[in-house]
Colleague: 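Have a look at this one before I ask anything.
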Amino acid sequence: MLEGGEDPDLSIEMENDLKEAGRALVVLEEKAMLGGKYDSYQAVMTIHPGAGGTESADWAEMLFRMYSRWMDKRSFSYRITDRQPGDEAGIKSVTFTISGRNAFGLLKSEKGVHRLVRISPFDSSKRRHTSFASVDIIPLIEDDTEIKINKDDLRIETYRSSGAGGQHVNVTDSAVRITHIPTGAIVQCQDERSQLLNRQTAMRILGSKLLELEEKRKQEEMNKLRGEKKDIGWGSQIRSYVMMPYQLVKDHRSLVELGDIQSVLDGNIDPLIRGFLEKKLARE
């Protein structure tokens with residue numbers, strides 16, 4: 001009708017209707033892909049470097065930058081609850097909470113080992129290096145009735161906060177580390193302005209971790225501490241980011257490939273997320 005019509009007003013109206021139908025289709029697809037029990041929840045993400053010292057620590061920080069830029073594009077908010085800087089560069093670990101529409105449902109695609117291949121900026125001989133980092137993502141459970149925690153099962157330690165975080169940092173022993181002795185789950189928080197607030201935030205995250213363990217226990221009778229854990233190394237990666245000798249980002253689960261690696265590292269990861277969710281929906 002558009003090709004054969006001569007009415008410009010009709011053409012504009014039909015083009016607008018088509019765009020609106022496309023937007024409605026995206027919403028319906030998202031509802032189908034993000035219908036899990038916890039998909040609408042806020043999320044807690046933790047990034048750890050694999051073996052490799054400064055190389056992997058720098059890669060972990062690059063991943064954090066990638067996710068922070070993605071969250072900015074989505075108008076999501078996030079708050080760092082614990083950050084351990086690397087010895088020379090990068091980070092030893094970072095944990096942050098994420099608020100936004102379907103935060104956990106979207107970011108569950110990122111859980112696993114991420115592999116980077118590049119010419120190392122830390123190698124004076126300019127050799128190619130392979131680095132690994134792991135990403136863990138869990139839903140942030142607000143309702144504390146979903147999981148009961150026995151206080152006798154907890155070991156609570158305080159220590160002095162480190163790194164950036166405002167004038168309150170490095171003044172008092174306000175940072176909190178909580179260990180759940182039966183499972184070995186450990187949560188740290190140092191971002192809040194008091195020991196009490198750090199303890200409250202850490203307990204919320206611990207509850208979320210314990211609920212995840214309980215869900216996995218129900219699904220897998222032979223479940224270990226956090227399900228089937230893989231080493232942060234060769235053969236276990238969910239996604240590869242290759243900068244040399246060619247440029248390619250490949251998700252090994254959905255087989256989605258993108259050639260513009262810089263765009264991906266700048267936070268344009270929606271095609272990778274969508275590919276994972278579509279694959280997951282097709283399996284279900």
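The analysis underlying the following values was restricted to heavy atoms, covering all of them including side chains, and did not include hydrogens, waters or symmetry mates.
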Colleague: Does V176 offer a backbone N or O that forms a donor-acceptor pair with the side chain of T158 under 3.5 Å?
Modeller: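 No, because the side chain of T158 does not come within donor-acceptor range (under 3.5 Å) of the backbone of V176.
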Colleague: Checking side chain to side chain contact (heavy atoms under 4.5 Å, CB included) between V187 and each of D82, I205, V44, which is the one that passes?
Modeller: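 Among D82, I205, V44, the one meeting side chain to side chain contact (heavy atoms under 4.5 Å, CB included) with V187 is I205.
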Colleague: Under 6.0 Å from the CD atom of Q262, do we count more than 12 heavy atoms belonging to anything else shown?
Modeller: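 Counting other residues, nucleotides and ligands, CD of Q262 exceeds 12 neighbours.
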Colleague: Y241 pairs by side chain to side chain contact (heavy atoms under 4.5 Å, CB included) with which of M62, H114, R115?
Modeller: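 With Y241 as partner, M62, H114, R115 yield a single side chain to side chain contact (heavy atoms under 4.5 Å, CB included), made by H114.
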Colleague: Kindly determine whether S93 and Q84 satisfy side-chain hydrogen bond (donor to acceptor under 3.5 Å, both in side chains), including the steps that lead there.
Modeller: CA-CA 5 Å; S93 71; Q84 303 295 326; 5.4 Å; no
Colleague: Check this for me: does any side-chain nitrogen of one of E212 and K111 sit under 4.0 Å from a carboxylate oxygen of the other?
Modeller: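 Yes.
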Colleague: Are Y67 and I238 connected, step by step, through hydrophobic side chains (Ile, Leu, Val, Met, Phe, Trp, Tyr) whose heavy atoms are closer than 4.5 Å?
Modeller: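 No, separate clusters.
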Colleague: State whether R83 and E61 are salt-bridged, where the test is any N-O pair (Lys NZ or Arg NE/NH1/NH2 against Asp/Glu carboxylate O) under 4.0 Å.
Modeller: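 E61 and R83: salt-bridged.
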Colleague: Between R239, K279, Q237, which is the residue that forms a side chain to side chain donor-acceptor pair (under 3.5 Å) with D251?
Modeller: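 Among R239, K279, Q237, the one meeting side chain to side chain donor-acceptor pair (under 3.5 Å) with D251 is R239.
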Colleague: Side chains of S99 and Q42: donor-acceptor distance under 3.5 Å anywhere?
Modeller: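 Yes.
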Colleague: For D136 and T46, which I'm curious about, is there any donor-acceptor pair between the side chains at under 3.5 Å?
Modeller: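 Looking only at side-chain atoms, T46 and D136 do not form any donor-acceptor pair under 3.5 Å.
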Colleague: Is D270 salt-bridged to R274, cutoff N-O under 4.0 Å?
Modeller: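 Here D270 does not pair with R274 in a salt bridge, since their nearest N and O are not under 4.0 Å apart.
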Colleague: How far apart are the C-alpha atoms of R65 and D266, what are their side-chain angles, what is the distance that settles it, and do they pass the salt bridge (Lys or Arg N to Asp or Glu O under 4.0 Å) test?
Modeller: CA-CA 8 Å; R65 175 184 177 274; D266 283 338; 3.1 Å; yes
Colleague: Would you say the side-chain atoms of Q200 and N198 include a donor-acceptor pair closer than 3.5 Å?
Modeller: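 N198 and Q200 do not have a side-chain donor-acceptor pair below 3.5 Å.
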Colleague: State whether K92 and D87 are salt-bridged, where the test is any N-O pair (Lys NZ or Arg NE/NH1/NH2 against Asp/Glu carboxylate O) under 4.0 Å.
Modeller: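 Salt bridge flag = yes for D87 with K92.
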Colleague: Could you list the residues that satisfy salt bridge (Lys or Arg N to Asp or Glu O under 4.0 Å) with D58, not counting sequence neighbours?
Modeller: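 D58: salt bridge (Lys or Arg N to Asp or Glu O under 4.0 Å) contacts with R118.
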Colleague: Do F64 and F96 have ring centroids that are under 6.0 Å from one another?
Modeller: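 Here the rings of F64 and F96 have centres that are less than 6.0 Å from each other.
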Colleague: Show the numbers, then the answer: is there a side-chain hydrogen bond (donor to acceptor under 3.5 Å, both in side chains) between S263 and N268?
Modeller: CA-CA 6 Å; S263 176; N268 296 313; 2.7 Å; yes
